[in-house]
Q: 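After the structure tokens below, expect a handful of questions from me.
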Amino acid sequence: MTVLSTALELAQVLTPNSGIRLRDILLGIAGTFVLVLFIFRAVASYAAGHYGQVVTSLAVAVIVGGFAYFPDQAVSLLKGFWNSFVWS
């Protein structure tokens with residue numbers, strides 16, 4: 001019964017904003033990893049002379065950085081785009 005009572009106590013303490021700090025930390029780590037991969041890919045594409053891939057890799061890196069480091073603003077931006085195109 002102690003496990004059940006501990007789980008009930010934990011459920012009473014949790015709020016809708018309990019995991020936001022953990023989400024921000026994990027998004028920062030994952031975002032940094034993905035950004036490094038895309039920057040490496042852009043440099044390799046530049047060395048190979050594929051300039052279109054360089055531009056594409058940098059554009060995707062900017063988008064991923066926006067979602068990783070500014071998740072709330074990115075979601076509100078997407079909601080704004082969705083509402084402007086769907087409900088116009």
Side-chain angles (χ1 to χ4, degrees):
M1 284 301 195
T2 59
V3 173
L4 182 61
S5 64
T6 305
L8 290 174
E9 290 172 6
L10 180 62
Q12 291 174 350
V13 174
L14 292 176
T15 65
N17 296 329
S18 294
I20 289 182
R21 290 183 55 134
L22 179 62
R23 177 200 68 182
D24 291 342
I25 291 170
L26 293 177
L27 280 175
I29 292 170
T32 302
F33 179 72
V34 172
L35 286 176
V36 167
L37 283 176
F38 276 110
I39 297 299
F40 176 75
R41 189 177 156 115
V43 170
S45 297
Y46 180 76
H50 302 131
Y51 301 114
Q53 280 185 338
V54 172
V55 173
T56 304
S57 295
L58 292 178
V60 170
V62 168
I63 293 170
V64 167
F67 277 100
Y69 297 115
F70 308 107
D72 297 328
Q73 292 86 351
V75 169
S76 66
L77 179 70
L78 286 178
K79 285 180 182 178
F81 283 149
W82 179 259
N83 288 334
S84 67
F85 289 122
V86 173
W87 301 110
S88 297

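All values below were derived from every heavy atom in this structure, side-chain atoms included, with hydrogens, water molecules and symmetry-related copies excluded.
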Q: Counting distance only, does the side-chain N/O of Ser57 pair as donor-acceptor with the main-chain N or O of Val54 below 3.5 Å?
A: no
Q: Using distance only, find each side-chain donor-acceptor pair of residues 33-50 under 3.5 Å and give its atom names and separation, not counting sequence neighbours.
A:
{"residue": "Ser45", "atom": "OG", "partner": "Arg41", "partner atom": "O", "Å": "2.9"}
{"residue": "Ser45", "atom": "OG", "partner": "Gln53", "partner atom": "OE1", "Å": "3.1"}

Q: If you round to the nearest 0.5 Å, how far is CD1 of Ile20 from CG of Leu27?
A: 11.5 Å
Q: Should we count CZ of Arg21 as having more than 12 external heavy atoms under 6.0 Å?
A: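 Not more than 12 within 6.0 Å, no.
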Q: Other than Phe67, which residues form its hydrophobic cluster under the rule that side-chain heavy atoms must be closer than 4.5 Å?
A: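 Hydrophobic cluster check, Phe67: joined to Ile63, Leu78.
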